[in-house]
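In the text below, chain A, chain B and the rest are named by the order of the sequence lines, each starting its count at 1.
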Amino acid sequence: MVPEFIVEGFIRAIKELGVEEFVNKLRFEQPRNEQFGDFATSIALILAKELKRNPRDIAQSIVDHLSFDKRLVEKLSIDGPGFINVKLSTAFFANELERIFQCGEDYGKSKKGYGQKVNVEYVSANPTGLLHLGHGRNACIGDCIANLYEWIGYDVTREYYFNNAGRQMQNLARSIFARYRQLLGEVDFPFPEDGYHGEYIFEIANEILNNFGSKYAEETDENLEFFKKYGENWCFQKIRSTLEMLKIHHNVFYNEDSLYKEGKVEEVIRLLREKGLVYEKDGALWLALTKIGLNEDRVIVKSTGEPTYRLPDIAYHREKFLRGYDLIIDILGSDHIATVPDVLAGLKALGFDTSKVKVVFHQFVTLMENGLVVKMSKRSGRSYTLDELISEVGADVVRFFFIMRNVSSHLEFDLNLAREQSEKNPVFYLQYAYARIASIFDTAKERGIEFNFETSTECLHLPQEINLIKLQTRFPEVIEVAAEKFEPQILADYLYDLATAFHTFYHDCRIIGSNEPILSARFKLAKVTQTILRNGLTILGVSAPERM
RNA sequence: GCGCCACUAGCUCAGUUGGAUAGAGCAUCAGCCUUCUAAGCUGAGGGUCACAGGUUCGAGUCCUGUGUGGCGCGCCA
């Protein structure tokens, strides 16, 4: 984050040059190359184009009009085609470190979203089976995004939308029932055409057999209802325990069925009809999407009387709007991309501001082992469930791996790397940095080494130290950007850089054994790093161990 | 055929609303433990940023086209 006084200084200089209409073009960046200082701006190059003057001359004029506190700015220079580079002083960084230290344990939090409500919907798997790897990525991304918004001050609702009614659940009931009858000895009992073939159906059937014997063998509506309920509870309990392993908790479980029971779906049809956007054709009810800018009309109620997903989805999102959210975030797999425009168009037609809805699409997960795609789990011989993956490599690794790539990129989950309990594994690299810091404080305590956080840190001047402070100042900004872009990976990358900077510092600069004031200053540096690592890891849902 | 996403080092990926000499991890090679945890640090090699045009002082980044891969395109969700 560029210090205020630098920005203000440049704005003043630009105004004094009489070109204040270009003030909004002022941007700063952190140069890749250290030699160019801490912050750079290409404003002179931009002005050169507008004013048709030599960029270096303009840069010189700007610099001539700049007046900074000499204590804070070490050097101003004009380099290359006309970049203005600013190098800050050790006094400046000492001030920054002190400022961060004063923020305490909450460093990184902001009030940016104060008073605003956000709803993050993620996982949302129906209770018809176990969570698989795609759900895992969805869950981790959603939970991180929810955490990020909490950190920037939003009032966050974590929501899970599910459907325990309708055809899919009937299908589940019939699948379990078929397996149950097969287990009872009717080996040829027909399995439903599009039934759930997973191994877990046998497990459920077997459980029912063990608990109730042949009590439910008769194929009646009542009994099928029992199988449905039993299957639903079984699946939901599994899903919840899997999420629990990842420390993921939702505040609201929203049942699609309630939209029907409370007449919300009917209401949406009525409202759309009032707008003249609904018509009947071939015995079905259609939504006239072509009237609101889309390419094709779509069915919302099938000729069988059942609605398609679009209708309850519109009703559901309408409910979210009516509950007063300022921001509605949906986390969806890329296989849902095509469904969203219809739903948004419907909502827009109903008069809602759909710019408040942000849909985050994540690409798929491919499990790799020894350079090959893994389709099946070795232990169970079935496709990998999220459960199995977690018990194999641990929750921390799963959570980190699922967010360490760009949300919109395919994620290659390398089992070999994930199993690796060593420096190769980036999760341990971060945790190790944290544990090392904890260890320094432990050692200091054991040896009775005293330090004082009141001591000035202006003595810190080595590149390893300054680099660490620079990274520390960026933390709040990183959280904001990661939240706004719905991209937890930005935070993961940042933490990795911070850990690297700390490991380098740790290696080159001893803390215990230094003399005052270096001793206290470095302890403060370590303390702040520790806070940031802990906060960052917490947002990612990864534990911060005191010892490794 | 249409839509969305991707294409950057041998592999997996970053690249800050167009900036300076394109970065990191893994893998390979060479160093560093008597001192706070070596799950660490330092260095070396490794690039036609898929391809071709365009926009401009400047393009991995923006525009157009082509190719390759993934996901969609239903009265499934």
Side-chain angles (χ1 to χ4, degrees), chain A residues 27-33 35-36 40-42 45-46 48-49 54-55 79-83 85 124 126 163 166-168 194 281-286 295-296 298-310 312-313 333-341 361-364 366 368 371 404-414 416-417 420-433 435-444 446-447 449 474 477-478 481 489-490 492-493 496-497 499-500 502-514 522-523 526 547-548:
Chain A
R27 294 283 184 283
F28 290 88
E29 61 182 286
Q30 298 191 22
R32 274 195 281 262
N33 194 329
Q35 78 183 65
F36 294 127
T41 178
S42 59
L45 294 166
I46 292 164
K49 191 192 286 186
N54 182 314
D79 299 291
F83 291 97
N85 294 314
S124 294
N126 286 340
N163 184 6
R167 224 189 61 203
Q168 287 186 69
D194 50 353
K281 193 180 92 181
D282 306 332
L285 205 59
W286 293 68
N295 289 330
E296 275 179 286
R298 299 285 183 187
V299 170
I300 50 172
V301 181
K302 298 184 245 178
S303 52
T304 59
E306 288 173 292
T308 64
Y309 71 87
R310 290 179 193 90
D313 263 18
S334 60
D335 51 339
H336 286 75
I337 286 177
T339 70
V340 170
F361 291 108
H362 61 88
Q363 294 289 325
F364 285 7
T366 311
M368 300 290 286
M404 75 177 177
R405 300 291 177 238
N406 211 305
V407 165
S408 62
S409 297
H410 283 257
L411 183 127
E412 203 160 296
F413 195 109
D414 184 341
N416 302 90
L417 182 61
E420 191 88 43
Q421 304 267 318
S422 76
E423 79 282 0
K424 292 171 193 166
N425 192 326
V427 183
F428 296 109
Y429 185 84
L430 292 184
Q431 294 182 321
Y432 186 51
R436 270 183 150 179
I437 297 171
S439 163
I440 298 166
F441 284 99
D442 284 351
T443 306
E446 274 167 32
R447 299 187 192 169
I449 294 163
R474 285 189 46 211
E477 180 194 358
V478 166
V481 172
Q489 188 226 28
I490 292 173
D493 277 4
Y496 196 91
D497 287 346
T500 301
F502 180 78
H503 284 310
T504 302
F505 161 76
Y506 179 91
H507 183 267
D508 296 343
C509 313
R510 292 197 60 80
I511 298 178
I512 293 170
S514 300
R522 286 185 178 167
F523 264 115
R547 249 173 261 284
M548 284 177 76

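Its glycosidic angle being more than 90° from 0, B:C4 falls on the anti side.
When the nucleotides B:U37, B:G19, B:C41 are ranked by their closest atom to the side chain of A:F83, B:G19 comes out on top. Ranking B:A39, B:A20, B:C32 by closeness to the A:H507 side chain, first place goes to B:C32. Considering only side-chain atoms of A:Q489, the nucleotide from B:A39, B:C36, B:A14 that sits closest is B:A14. Comparing B:G19, B:U37, B:A14 against the side chain of A:N406 picks out B:A14 as the nearest. Counting only heavy atoms from C-beta on, A:D493 has its side chain closest to B:A14 among B:C36, B:C41, B:A14. Side-chain proximity of A:E412 to B:A20, B:U35, B:U12: nearest is B:U12.
Residue A:A48 is classed as having no contact, given no heavy-atom separation below 4.0 Å to the nucleic acid. A:N416 comes within contact range of no nucleotide atom at all, as no heavy-atom separation falls under 4.0 Å. If you check every strand for non-hydrogen atoms under 4.0 Å, A:E446 touches nothing. Residue-level contact check: A:D79 touches the bases, meaning some heavy atom is under 4.0 Å from a base atom.
Side-chain N/O atoms of A:S409 include none lying less than 4.0 angstrom from OP1 or OP2 on B:C13. Applying the 4.0 Å criterion to OP1 and OP2 of B:A6, one finds that A:S408 has a side-chain N or O inside that range.
Not a single donor-acceptor pair, N or O on each side, falls under 3.5 Å between the base of B:A14 and the side chain of A:D497. No hydrogens or angles were tested; on distance alone, a donor-acceptor pair under 3.5 Å links the side chain of A:R27 to the base of B:U17.
Distance noted for atom C1' between B:G60 and B:A6: 14 Å (whole Å). When the C1' atom is used for both B:U61 and B:G15, the distance is 9 Å, rounded to whole Å. As rounded to the nearest Å, B:G46 and B:A24 have C1' atoms that lie 14 Å from one another. Rounded to the nearest Å, the gap between the C1' atom of B:C7 and that of B:U66 is 14 Å.
Remark: the backbone N or O of A:Y429 is paired with a side-chain donor or acceptor of A:H503 at under 3.5 angstrom. Although no hydrogens or angles enter the test, the distance criterion places a donor-acceptor pair under 3.5 Å between the side chain of A:D414 and the main chain of A:L417. Of the possible donor and acceptor atoms, one in the side chain of A:T308 sits under 3.5 Å from a partner among the backbone N and O of A:V299.
Taking a centre distance below 5.5 Å and an interplanar angle below 30 degrees as the stacking criterion, A:Y496 does not stack against the six-membered base ring of B:A24. B:A39 has no base stacking with the ring of A:Y429 when judged by centroids under 5.5 angstrom apart and an interplanar angle below 30°.
Side-chain atoms of A:S408 and A:H362, non-hydrogen and from C-beta on, never get closer than 4.5 Å to each other. For the pair A:F364 and A:D335, the minimum side-chain heavy-atom distance is below 4.5 Å.
If you take OG1 on A:T339 and OH on A:Y309, they are separated by 5.0 Å, rounding to the nearest 0.5 Å. Here the CG atom belonging to A:N416 is positioned 9.5 Å from the CE atom belonging to A:M368, to the nearest 0.5 angstrom. The CZ atom of A:F523 sits 4.5 Å away from the CD1 atom of A:I512 when rounded to the nearest 0.5 Å. Between the CG atom of A:L285 and the NZ atom of A:K302 there is a distance of 13.5 Å, given to the nearest 0.5 Å. A:R510 CZ to A:F505 CZ: the interatomic distance, rounded to the nearest 0.5 Å, is 11.0 Å. Atom CZ of residue A:F502 and atom CG of residue A:D497 lie 15.5 Å apart, to the nearest 0.5 angstrom.
Distance, A:I512 CD1 to B:U35 P: 13 Å, rounded to whole Å. Rounded to whole angstrom, the span from the CG atom of A:L45 across to the P atom of B:A59 amounts to 13 Å.
Salt-bridge formation is not detected for the pair A:E29/A:R27: no Lys NZ or Arg NE/NH1/NH2 atom is positioned less than 4.0 Å from an Asp or Glu carboxylate oxygen.
If you check the side chains of A:N126 and A:N163, you find no donor sitting under 3.5 Å from an acceptor. Counting only N and O atoms by type, the side chains of A:R405 and A:H410 include no donor and acceptor under 3.5 Å apart.
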Could you list the protein-to-nucleotides 43-45 of chain B atom pairs, N/O on both sides, closer than 3.5 Å?
none

Next item on the list: Any chance you could encode RNA chain B as dot-bracket? Rule is Watson-Crick or G-U wobble with both distances under 3.5 Å; [ ] for pairs crossing earlier ones, | for another strand.
Entry: (((((((..((((.....[...)))).(((((.......))))).....(((((..]....))))))))))))....
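Heavy-atom distances to RNA chain B give each of A:R436 and A:E29 a nearest nucleotide, and the one nearer the 5′ end belongs to A:E29. A residue-by-residue look at A:R405 and A:T500 shows that A:R405 has its nearest nucleotide of RNA chain B further toward the 5' end.
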Margin query: Using a 4.0 Å heavy-atom cut-off to protein, can you give one letter per nucleotide of nucleotides 67-77 of chain B, 5' to 3': B if the base is in contact, S if only the sugar-phosphate is, - if neither?
Written below: ---SSS-SBSB
